[in-house]
Amino acid sequence: MSNTVFIFITGGVVSSIGKGITIASLGLLLKRRGLSVAIQKFDPYLNVDPGTMSPYQHGEVFVTEDGGETDLDLGHYERFMDQNLSQLSSVTSGMVYWDVLSKERRGDFLGNTVQIIPHVTNEIQRRLVSVLDETHYDVVLTEVGGTIGDMESMAFLEAIRQFQYNNRSQCFHIHMTLVPYIQAAGELKTKPTQHSVKELRGIGIYPDAIVCRAELPLDESVKKKIALFCDVDETAVISAHDVPSLYEVPFVLAKENLDGVVAKKFGWESVPIDLSDWAQFVELSKTTPNQTLTIALVGKYTALSDAYISVVEALKHASMAYNCSVKIQWVHADDLENTDSLDKQFSNVDGILVPGGFGDRGLGGKIRAAHYAREQKIPYFGLCLGMHVAVIEFAQNVLQWPNANSREFSSEDKLVIDLMEDQHNQTDKGGSMRLGAYDCHLVTDSLAYQAYQTSVVSERHRHRYEFNNTYREAFESAGLRIVGENRDRNLVEIIEIPDHPWYLACQFHPEFKSRPNRPHPLFSSFIQGVLSKQ
Ligand code: GLN
């Protein structure tokens, strides 16, 4: 880490002001300057495993190549920086305490009193630099979750303060705050920012730049005021005003020269940044689309779109490439269970997508959606649980096995989806998940092959149950095609139903690998399927 630069972003005034997008955008700008960049998130909550948290409270669980189940902000980082991350990029207070307490149990502290300072703060610093263990990076970006003043994030901030004490010339602090617009006064107000910076300085962290989230661009006088009261250069007060799309944020920050302010501190020479590919994508998102496609997303957490954020983004990326836009019709799976008319529910729908999920709530509704899509020849895309649903539906209605089911929901029925042999005796559910990247071999005359244009792909997984190979022949003779397989473990990865405009379901989560300027091949193919059905 001899010459690595550490950039920290903290948040003030309110939560959800876009620290994740800001740091991911800065990551993109720095990468385009030719620097190598690592990025990580410190989350103050005590959960040890973000994978077990409710998507209702925290949004989607994002899965990394190496099988890390992480906060959804890592998805933003990957999409903006076009870079795969690992489990090292996700640190929670729970993980830190777990490590410290395990060491204490092992006797590593030799009977000493175990305290937040230095034991917890040392462990945080160890994790901060652990992203450099195997690879050198020019820059490490670290987002500290929560808002200044929260008790929960204090240990992280103290650890950062200590780290900076020992590595002062290598640290840069960005503080992001809300600058509210008061309609009646017609003014942007700087006072909450002043207070937040005062609190941060009280902790011993002095911001080098202040990124101000505001409804309107900050004018010179507002910037001057913040600069004076918060003791930063005027050029280091960055206006992060609202823009119609997340993907425009890198342009706003580039125009405000945030990366230039960082470069100045470390004496990096100024280099022109090429964002033309992003500009093209953003331009596309602004042009009036030729067509709007309505995709029904049949799920459990439909009240919170963050629960399916990577799916939503992947649909956006793919549709934009075809110059159309996607309107998502959120369908609560429970509602489909008892309705008499699916025709009404799906009357304006061009495609149906059943995403991943856990638990049996709404299962019947999802099966009905897959059934409807298959029979009414509406394009269907099943992701993970969406594949289980497609397989169960096919077994119940084509193979005429009314009690076909998944072991996730029953242990007695005809289990067309089951645990693998070696999983049966495991009691620790978390431990038995298939997580992260696995290879998949494709059959050449398939939709999947047409989409990927290659015969071996690698995709990310997060599930426990698999297609049951005992029934494979029965399925294939009845017309379900198995077009993707993991050969090492003999596992079904992709199924298709021929004589249908587009019906494909996969055991993995392709949404995690979609990028704004590189839509995922299966999402592109789905959109193409929906378009050609028009
Ligand atoms: N609940 C299913 C399983 O564990 C599917 C998981 C998912 O959709 N991610 O196998």
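Rounding to the nearest 0.5 Å places OG of S319 at 11.0 Å from CD of Q291. To the nearest 0.5 Å, atom OG1 of residue T454 and atom OH of residue Y449 are 6.5 Å apart. Considering CD1 of I39 and OG of S90, their distance stands at 12.0 Å, rounded to 0.5 Å. Here the straight-line distance linking atom CG of L315 with atom CD1 of I328 works out to 5.0 Å at 0.5 Å rounding. D439 CG to E493 CD: the interatomic distance, rounded to the nearest 0.5 Å, is 9.0 Å. In this structure, OG in S524 is found 12.0 Å from CE in M320, a value given to the nearest 0.5 Å.
Checked by atom type and distance alone, the side chain of H463 pairs as donor or acceptor with a backbone atom of Y465 at under 3.5 Å. When atom types are taken as modelled, the side chain of D43 and the backbone of Y45 share no donor-acceptor pair closer than 3.5 angstrom. Between the side chain of Q453 and the backbone N or O of Q450 there is at least one donor-acceptor pair closer than 3.5 Å. Under the 3.5 Å distance criterion, the side-chain polar atoms of R368 are matched with a main-chain donor or acceptor of E337. One N or O on the side chain of E496 and one on the backbone of A448 form a donor-acceptor pair closer than 3.5 Å. Formation of a donor-acceptor pair under 3.5 Å by the S532 side chain with backbone atoms of G529 is found in this model. Between the side chain of Q87 and the main chain of D66, a donor-acceptor pair closer than 3.5 Å is present. Under a 3.5 Å cut-off, the side chain of S36 and the backbone N or O of D138 do form a donor-acceptor pair. T92 places a side-chain N or O within 3.5 Å of a backbone atom of N47 that can act as its donor or acceptor partner. Using modelled atom types, one side-chain atom of S25 and one backbone atom of I21 make a donor-acceptor pair closer than 3.5 Å.
Taking each heavy atom of T22 and I9 in turn, the nearest pair found is CG2-CD1, 3.9 Å. Scanning all heavy atoms of the two residues, the minimum distance from W502 to L522 falls at CZ2-O, 3.8 Å. Minimum heavy-atom separation, G351 to V530: CA-CG2, 4.4 Å. Shortest non-hydrogen contact noted between R462 and V63 is CD-CG2, 3.5 Å. Closest approach of P501 and K377 over heavy atoms only: CG-O, 3.3 Å. Counting all heavy atoms, side chain and backbone alike, P355 lies closest to Y308 at CG-CE2, 3.5 Å.
One finds a salt bridge joining D277 and R32 here, because a Lys/Arg side-chain nitrogen approaches an Asp/Glu carboxylate oxygen to under 4.0 Å. Ion pairing between K366 and E393 fails under the 4.0 Å rule for side-chain N and carboxylate O.
Screening K41, R127, Q40 for a side-chain hydrogen bond (donor to acceptor under 3.5 Å, both in side chains) with T142, the sole residue that qualifies is Q40. Here the rule is side-chain hydrogen bond (donor to acceptor under 3.5 Å, both in side chains) with H388, and of E408, E466, Q507 only Q507 fits it.
At a threshold of 4.5 Å between non-hydrogen side-chain atoms, the residues C440 and I494 count as touching. Residues R213 and K19 are not in side-chain contact: their nearest non-hydrogen atoms beyond the backbone lie 4.5 Å or more apart. Looking at V457 and F508, their side chains never come closer than 4.5 Å, going by heavy atoms from C-beta outward. A heavy-atom distance below 4.5 Å is found between the side chains of H136 and T4. Contact annotation: the side chain of L399 never approaches that of Y471 to less than 4.5 Å [non-hydrogen atoms, C-beta and beyond]. Side-chain contact check for L491 versus Y438: every heavy-atom pair is 4.5 Å or farther apart. Contact of the F475 side chain with the V416 side chain is registered, since non-hydrogen atoms from C-beta on lie closer than 4.5 Å. Counting heavy atoms from C-beta outward, D259 and L253 have side chains that stay 4.5 Å or more apart.
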- [ ] Please assess R515 against E78 for the test side chain to side chain contact (heavy atoms under 4.5 Å, CB included), listing each intermediate value before the final yes or no.
- [x] CA-CA 8 Å; R515 304 279 160 94; E78 283 208 358; 3.1 Å; yes
Task: Worked check of side chain to side chain contact (heavy atoms under 4.5 Å, CB included) between N490 and E485 - done: CA-CA 7 Å; N490 192 23; E485 275 182 281; 3.8 Å; yes
Open item on the list: Assess the residue pair F80 and L246 against the criterion (side chain to side chain contact (heavy atoms under 4.5 Å, CB included)); give the C-alpha distance rounded to whole Å, side-chain angles, the decisive distance to 0.1 Å, and a yes or no.
Closed with: CA-CA 10 Å; F80 275 68; L246 294 183; 4.2 Å; yes
- [ ] Decide side chain to side chain contact (heavy atoms under 4.5 Å, CB included) for C324 and I527; before the verdict, give the C-alpha distance in whole Å, the side-chain angles of both, and the deciding distance to 0.1 Å.
- [x] CA-CA 9 Å; C324 56; I527 295 294; 4.1 Å; yes
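Around CD of E412, the count of heavy atoms belonging to other residues, nucleotides or ligands within 6.0 Å does not exceed 12. Heavy atoms from other residues, nucleotides or ligands lying under 6.0 Å from CG of D445 number more than 12. Counting heavy atoms of neighbouring residues, nucleotides and ligands inside a 6.0 Å radius, atom CG of D499 does not exceed 12 of them. Atom CZ of R487 sits in a sparse spot, with 12 or fewer heavy atoms from other residues, nucleotides or ligands closer than 6.0 Å. No more than 12 heavy atoms of other residues, nucleotides or ligands shown are found within 6.0 angstrom of CH2 on W98.
Between Y380 and Y503, the two ring planes are parallel [angle under 30°; tilted spans 30° to 60°].
Side-chain contact check for E143 and Y77: at least one donor-acceptor pair (N or O, by modelled atom type) lies under 3.5 Å. Side chains of S93 and E152: no donor on one and acceptor on the other come within 3.5 Å. Between the side chains of S341 and D343, not a single donor N or O lies within less than 3.5 Å of an accepting N or O. Side-chain atoms of N84 and R460 include a donor-acceptor pair closer than 3.5 Å. For the residue pair E459/H520, the side-chain donor-acceptor check at 3.5 Å is satisfied.
Between H461 and F512, the ring center distance fails the sub-6.0 Å criterion. The aromatic ring centres of Y247 and H317 sit less than 6.0 Å apart.
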